[in-house]
Amino acid sequence: TGRASSMSKNLMDEALPVLEGMIEQFPEKSELLMMLMGIYNDKQDYANVIKTLDRLETKEGKSEQLSMEKFRIYVQMKDEKNAFKEMSDLAAEYPNDLRYRVLIGDLYLDNDKPEQAYKVYKEVEAIDSMNVNVMLSLASYYEKTGENELYQKQLEQLVSNPQLDKQTRLSLMSSFVYQ
């Protein structure tokens with residue numbers, strides 16, 4: 001498998017200049033930039049994934065999809081500053097979509113800033129107490145901070161939430177029963 005991986009890497013390396021030439025020749029074809037991004041992603045060359053996303057953004061304009069992809073790459077790169085910026089921009093652009101605010105809280109939690117995460121979660125919960133995303137994130141927060149009683153209570157509230165899809169409910173119930 002090492003040899004096959006090496007061959008695959010060589011093919012990707014050879015494809016890059018060809019693809020760049022095609023992009024120059026056919027600048028209107030966004031799918032070529034998407035292919036380029038895919039190769040860089042496969043190579044785990046995240047700096048060039050971001051550069052390609054920036055090129056797409058320049059060509060097509062800022063979009064939710066491109067911003068979410070940039071956020072995902074920044075998280076993989078462990079570039080906390082740019083990940084926060086990307087998500088903060090989305091939260092500002094779509095203030096009624098609470099997913100982005102919850103993701104900011106998750107980013108705080110993942111970066112060992114539980115107090116800030118909790119504050120964000122509680123702000124979202126005050127706006128929509130039945131929001132499944134914030135309920136799941138609060139459960140993660142309680143689990144991570146060792147607040148087992150609150151964690152169990154949060155899982156119970158989640159399982160009884162009518163907005164929760166069946167698959168997630170079954171998964172949570174299994175987890176709850178196991179614990």
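Index from 1, following the sequence.
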Could you tell me which non-hydrogen atom of Leu109 sits nearest to which non-hydrogen atom of Ser140, and how far apart they are?
-> CD2-C, 4.1 Å
Name all residues meeting the salt bridge (Lys or Arg N to Asp or Glu O under 4.0 Å) criterion together with Glu57; count only those two or more places apart in sequence or in a different chain, and write none if there are none.
-> Lys62, Lys70
Should the heavy atoms of other residues, nucleotides or ligands under 6.0 Å from CE of Met77 be counted, would the total exceed 12?
-> yes
Taking atom types as modelled, find out whether Asn148 and Tyr142 have a side-chain donor-acceptor pair closer than 3.5 angstrom.
-> no
Identify, with sequence neighbours excluded, every residue that meets ring-ring contact (aromatic ring centres under 6.0 Å, His included) alongside Phe84.
-> Tyr108
Under 6.0 Å from the NZ atom of Lys59, do we count more than 12 heavy atoms belonging to anything else shown?
-> yes
Carboxylate-amine/guanidinium proximity below 4.0 Å for Glu125 and Lys122 = yes
Salt-bridge present (Arg72, Glu86; N to O < 4.0 Å) | no
From CZ (Arg55) to CG (Leu66), nearest 0.5 Å = 13.5 Å
Do the side chains of Tyr40 and Met34 join up, straight or via other hydrophobic residues, at under 4.5 Å, putting them in one cluster?
-> yes
For Tyr141, enumerate each residue passing the ring-ring contact (aromatic ring centres under 6.0 Å, His included) test, keeping only those at least two apart in sequence or located in another chain.
-> Tyr118
Residue set satisfying salt bridge (Lys or Arg N to Asp or Glu O under 4.0 Å) with Lys51, at least two apart, ordered chain then number -> none
Roughly how far, to the nearest 0.5 Å, is CG of Leu136 from CG of Leu155?
-> 9.0 Å
Considering all heavy atoms of both residues, which atom of Glu80 and which atom of Asn111 are nearest to each other, and what is their separation?
-> OE1-OD1, 3.2 Å
Enter the distance from Asp89:CG to Ser67:OG here, rounded to the nearest 0.5 Å.
-> 7.0 Å
Please check if any side-chain donor atom of Glu147 sits under 3.5 Å from a side-chain acceptor atom of Thr145, or the reverse.
-> yes
Interatomic distance, CD@Gln44 vs OH@Tyr46, rounded to 0.5 Å, equals 4.0 Å
Does atom NZ of Lys85 have more than 12 heavy-atom neighbours from other groups under 6.0 Å away?
-> no
How many angstroms lie between atom CG of Asn96 and atom CG of Asp128, to the nearest 0.5 angstrom?
-> 11.5 Å
Could you go step by step and tell me if Ile73 and Gln76 meet the side chain to side chain contact (heavy atoms under 4.5 Å, CB included) rule?
-> CA-CA 5 Å; Ile73 297 299; Gln76 282 186 299; 3.5 Å; yes
Does any N or O in the side chain of Glu69 come within less than 3.5 Å of the main-chain N or O of Leu53, such that one atom is a donor and the other an acceptor?
-> no
Is there a donor-acceptor contact under 3.5 Å from the side chain of Asn41 to the main chain of Met37?
-> no
List in chain and number order the residues that pass salt bridge (Lys or Arg N to Asp or Glu O under 4.0 Å) with Arg99, two or more places apart in sequence or in another chain; answer none if no residue qualifies.
-> Glu64, Asp97
Which pairs count as salt bridge (Lys or Arg N to Asp or Glu O under 4.0 Å) when at least one residue sits in residues 22-33, sequence neighbours excluded?
-> none
